[in-house]
Peer 1: 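My questions all concern the structure below.
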Amino acid sequence: RYVDNPGRITVHLTSYVPQDGQLHLYYGTPSGKSRVGYAGVSPYHIDYDGQPGQYYILVYTAPGNGSSTAYILRAHFQ
């Protein structure tokens, strides 16, 4: 999502069943060097005070740990 003004970004992942999951927040481009937030254990939650620009959210599941159970991803941009 593109954010027009600086502010707090909150990302929360719930009902996530697989083990070894990760929640990532990226600024600009979705690559390792542009990661601005990370949650590697439950509860999967990121708070970040960000600048205007493009943000990406990635939910990663390790190979072999997938699940068909739906999860809930919420992102708030204030």
Side-chain angles (χ1 to χ4, degrees):
R1 172 173 181 191
Y2 187 84
V3 177
D4 292 321
N5 298 305
R8 169 70 48 121
I9 299 168
T10 302
V11 183
H12 193 70
L13 176 64
T14 58
S15 301
Y16 186 74
V17 175
Q19 296 195 8
D20 298 328
Q22 300 175 1
L23 178 63
H24 300 259
L25 177 65
Y26 295 96
Y27 174 75
T29 59
S31 68
K33 293 182 180 183
S34 66
R35 187 173 70 191
V36 294
Y38 171 78
V41 296
S42 183
Y44 298 99
H45 184 86
I46 298 171
D47 285 316
Y48 178 72
D49 292 319
Q51 297 300 313
Q54 187 74 34
Y55 287 86
Y56 300 87
I57 298 168
L58 171 72
V59 177
Y60 172 81
T61 302
N65 288 333
S67 171
S68 60
T69 303
Y71 57 81
I72 300 167
L73 178 66
R74 290 190 172 102
H76 299 276
F77 301 86
Q78 302 170 338

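Atom set for the values below is all heavy atoms of this structure, side chains included, hydrogens, waters and symmetry mates excluded.
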Peer 1: Do Y38 and Y71 land in one hydrophobic cluster if side-chain heavy atoms of ILVMFWY residues count as linked below 4.5 Å?
Peer 2: no
Peer 1: Decide yes or no for L13 and V59: does some side-chain heavy atom of the first lie under 4.5 Å from some side-chain heavy atom of the second?
Peer 2: yes
Peer 1: State, yes or no, whether a side-chain contact exists between D4 and P52 at a heavy-atom distance under 4.5 Å.
Peer 2: no
Peer 1: Taking the six-membered ring for Trp, are Y56 and Y26 ring centroids under 6.0 Å apart?
Peer 2: no
Peer 1: Taking the side chain as everything from C-beta on, heavy atoms only, tell me whether T29 gets closer than 4.5 Å to S34.
Peer 2: yes
Peer 1: Please report the interatomic distance NE2(H12) to NE2(H76), rounded to the nearest 0.5 Å.
Peer 2: 9.0 Å
Peer 1: What closest approach, in Å, do G37 and I46 show between heavy atoms, and which atom pair accounts for it?
Peer 2: C-CD1, 3.7 Å
Peer 1: Is Y48 reachable from Y60 through a run of hydrophobic residues whose side-chain heavy atoms are each under 4.5 Å from the next?
Peer 2: no
Peer 1: Parallel under 30°, tilted from 30 to 60°, perpendicular over 60°: which one fits the rings of Y55 and F77?
Peer 2: tilted
Peer 1: For the residue pair Q22 / H24, report whether a side-chain donor-acceptor contact shorter than 3.5 Å exists.
Peer 2: yes
Peer 1: Can you measure from CD1 (I9) to CG (D47) and round to the nearest 0.5 angstrom?
Peer 2: 10.0 Å
Peer 1: Can you tell me how far apart CG (L73) and CG (L23) are? Round to the nearest 0.5 Å.
Peer 2: 6.5 Å
